[in-house]
2 protein chains.
Amino acid sequence: MRSKPTQPRMSDVAKAAGVSTMTVSRAFKQDASVNEKRRSEILRIADEMGYIFDKSASELRTKRTGFVAVTVPSINNSNFADTVRGLTDSLAESGLEALLGYTNYHIDQEEQIIKQLLRRKPEAMVVTGSTHTDKTRSRLKRSGIPVVECWDEPHNPVGYSVGYSGAAAGSMVADHLVERGYKRIGFIGGHTQTDTRGTDRQRGFTERLREHGLPHDRIISVGPPPVGMAQGARGAQLLLERFPDTDAIMCVADSAAFGAMTEFQRSGMRIPDDIAVAGFGAFDVGAFSLPDITTIDPKGYAIGEGAGRLIAALLAGTAGSGSGSHVSIEPSLVVRHST
Amino acid sequence: MRSKPTQPRMSDVAKAAGVSTMTVSRAFKQDASVNEKRRSEILRIADEMGYIFDKSASELRTKRTGFVAVTVPSINNSNFADTVRGLTDSLAESGLEALLGYTNYHIDQEEQIIKQLLRRKPEAMVVTGSTHTDKTRSRLKRSGIPVVECWDEPHNPVGYSVGYSGAAAGSMVADHLVERGYKRIGFIGGHTQTDTRGTDRQRGFTERLREHGLPHDRIISVGPPPVGMAQGARGAQLLLERFPDTDAIMCVADSAAFGAMTEFQRSGMRIPDDIAVAGFGAFDVGAFSLPDITTIDPKGYAIGEGAGRLIAALLAGTAGSGSGSHVSIEPSLVVRHST
DNA sequence: TTGAAAGCGGTACCAG
DNA sequence: CTGGTACCGCTTTCAA
């Protein structure tokens, strides 16, 4: 039985190496001036002792944490996963890490998560969407660090933003369906209150239908996000009950589109002959399904990458314009066989 | 223009509230003894000043960070997402947070991530799988904190573990296919070197085929993980080239199974009449596809929950048995129409 | 290139 | 219930 299983500190390493604590500290820095031979010797000894650098102590003294906090609604969504990858990759180039929190699509949970993350003093903050509680907004504004809102084009931005207009994306799909000759077109989405980005798409979609002089009231709401396959299937049932002569629908996400499409197929309908189906998000499932599903590619990786680059520039003081600037990422229509 | 935009410290709040720093510190703790009226007053003032508690300083002094580090291969996989949810939920009951890192299915990346996470002094560490670099193993062992390996039944455990035998899961599927009368059965999976958990399933699967006296060499390897829909589709093509008379396959994951199944369907084959398809993971896509896909439910949420409870017990000193104990989560077969 | 001392912002500990 | 003091482990600063 060992007497004291306490972790070694930097001073313990210093003692073992016969140098001062400062020299050990320098040995652990990239560019500090230490005798090279001595440095490798120190690192060897530290490793041997099982020394683990204490980030809390370092952070307290340097006031640099080297990380960016990120909040996403869900960790199981390929769009947000792409954004996190893009962000992680681009931040890595500046030696920054990303620390992830997830909100479950609830702005109240977001408030808690952001509060906790801010206590760790991130160098910048990336959040998803532009709908936040008042407390969150004021905390972010007062935090003194760069804030980037992703996946949206905020009307009332907290700071910077990287994304696209969800409404514009919705109208792209509407135009496409109208061009294809569909006349009785519906939309399946989530609750207007909670699925805020989905509601933007819906608004752009139905608004454009109206401009084309088509009915735009065939809207099915299937509950709070995430709007997945089960919700899409349920939405398809509701649509057939309420608007049985619908000839095309857009779903708020590809997962829902797949759920709806397979539900239609189960009831004997053919896609797109009996009903056309479009989605959003360019998820894998819509690329491999039978038929494959027309969708919008929102460029999730590019959004994350853009946010990461913006932050790197801001922290390096290389930023161009002033606060509140927006980086636009243009989504693209991907036409496939379901329409 | 303000002169000094520095964030207020606890002592600033104390000054503003006319109390000592200690009293403010106590006001911020759950169960500390402070005059209730004074406490709410202090919290109000702190909020008004935009004070943000400094976790680094607190951690340094208390040596408690209140978080558990978790590494998962991918953030875009519903199985791991379930585990993270289960873990987060159960840790929350003990007032602990989960901090997430992801490894991209690479043990070298895992080594880096774990090194970084350990510097933040987590109270415990949850990792996915039981394959790690030697450095990672020794770091984890020397860290002095509880370590839980998830999603596996390690032969050579680092500490605790919560999961199931991948091989046993594989044999369940083999038994099912044999029972259904299939004779020429294949497997589509990832590289043996990198897709370690998938390889466990494959071993159990082919081993059981051998025990049934059936051919067990119809193995298609489609590259490193993640083995998704594209890989499944490619695997289906390769299978038809190499073993055209195959009458059933298991895929290492439902995503791959869906990719393979739709590829078969595109080439005119019917499922399960021309070929049966089974997957693994109980992903949504296999529940809504046409036909729906027979799979194994690995109970990802339960794994996370189990790990969280184990950690909570260990940190509270309420743990039962000694080091190296394993919590078994039994996966279940979900029979659907694709077999 | 190296070392000594002070201090980052909280909290353990002890006194009142 | 409240306050004073020392100190957590590392790094800034200054001197050698």
Side-chain angles (χ1 to χ4, degrees), chain A residues 4 6-43 45-46 49-67 115-116 118-123 143-144, chain B residues 4 6-43 45-46 49-67 95 116 118-123 143-144:
Chain A
K4 275 220 166 186
T6 41
Q7 297 290 325
R9 296 166 303 165
M10 204 175 252
S11 60
D12 297 321
V13 177
K15 210 167 294 171
V19 296
S20 76
T21 315
M22 267 320 298
T23 304
V24 177
S25 174
R26 291 185 180 113
F28 271 90
K29 307 228 66 162
Q30 287 276 339
D31 51 349
S33 47
V34 192
N35 180 304
E36 263 315 319
K37 193 176 147 203
R38 189 167 279 186
R39 179 200 299 262
S40 53
E41 173 69 359
I42 289 171
L43 293 179
I45 290 175
M49 297 175 74
Y51 169 70
I52 297 173
F53 184 92
D54 188 325
K55 218 157 188 302
S56 302
S58 168
E59 286 174 357
L60 176 58
R61 182 67 238 227
T62 61
K63 307 210 159 221
R64 292 207 69 243
T65 55
F67 84 94
K115 181 178 170 184
Q116 294 303 324
L118 285 176
R119 291 178 155 204
R120 297 187 187 276
K121 312 282 182 201
E123 315 244 339
S143 66
Chain B
K4 273 219 166 187
T6 40
Q7 298 290 323
R9 295 166 303 165
M10 202 175 256
S11 59
D12 296 322
V13 177
K15 210 167 295 171
V19 295
S20 76
T21 316
M22 270 316 300
T23 303
V24 178
S25 174
R26 289 184 181 112
F28 271 90
K29 305 228 69 163
Q30 288 275 340
D31 52 349
S33 48
V34 194
N35 181 303
E36 264 314 321
K37 194 178 145 203
R38 190 166 278 185
R39 180 202 298 265
S40 52
E41 173 69 0
I42 289 170
L43 293 180
I45 291 174
M49 298 175 72
Y51 169 69
I52 296 173
F53 183 93
D54 188 324
K55 220 157 188 298
S56 302
S58 169
E59 286 173 357
L60 176 59
R61 181 67 236 229
T62 60
K63 305 209 163 225
R64 293 208 67 242
T65 55
F67 84 93
Q116 294 304 324
L118 285 176
R119 290 178 157 203
R120 296 188 188 275
K121 313 281 183 202
E123 315 243 339
S143 67

Report yes or no: is there a donor-acceptor pair, N or O only, under 3.5 Å between the side chain of Arg61(B) and the base of dG9(C)? no
For Arg39(A), is there an ion pair with Glu36(A) - N to carboxylate O distance below 4.0 angstrom? yes
From Arg120(A) atom CZ to Phe53(B) atom CZ, the distance as rounded to the nearest 0.5 Å: 11.0 Å
Interatomic distance, OG@Ser56(A) vs CZ@Arg64(B), rounded to 0.5 Å, equals 13.0 Å
For [N], take OP1 and OP2 only and decide whether either is under 4.0 Å from a side-chain N or O of [X].
{"X": "Thr23(A)", "N": "dG3(C)", "value": "yes"}
{"X": "Ser25(B)", "N": "dT11(C)", "value": "yes"}
{"X": "Tyr51(B)", "N": "dG9(C)", "value": "no"}
{"X": "Lys63(A)", "N": "dG9(C)", "value": "yes"}
{"X": "Ser58(A)", "N": "dT11(D)", "value": "yes"}

Atom CZ of Arg64(A) and atom C1' of dG9(C) are separated, to the nearest Å, by 19 Å
Measure CD/Glu59(B) against P/dT11(C) and give the value in whole Å, please. 11 Å
Starting from the 5' end of DNA chain D, give me the residue, Ser20(B) or Lys121(B), whose nearest nucleotide shows up first. Ser20(B)
Of the options [options], whose atoms approach the side-chain atoms of [X] most closely?
{"X": "Arg26(A)", "options": "dG9(D), dT11(D), dT2(C)", "value": "dT2(C)"}
{"X": "Ser33(A)", "options": "dT2(C), dG10(C), dT2(D)", "value": "dT2(C)"}
{"X": "Leu60(B)", "options": "dC10(D), dT2(C), dG9(C)", "value": "dG9(C)"}
{"X": "Met22(B)", "options": "dA12(C), dT2(C), dT2(D)", "value": "dA12(C)"}

Count the heavy atoms belonging to other residues, nucleotides or ligands that lie under 6.0 Å from CZ of Arg119(B), then report whether that count exceeds 12. yes
Could you tell me whether Arg38(A) contacts a base, only the sugar-phosphate backbone, or nothing, with contacts defined as non-hydrogen atoms closer than 4.0 Å? sugar-phosphate
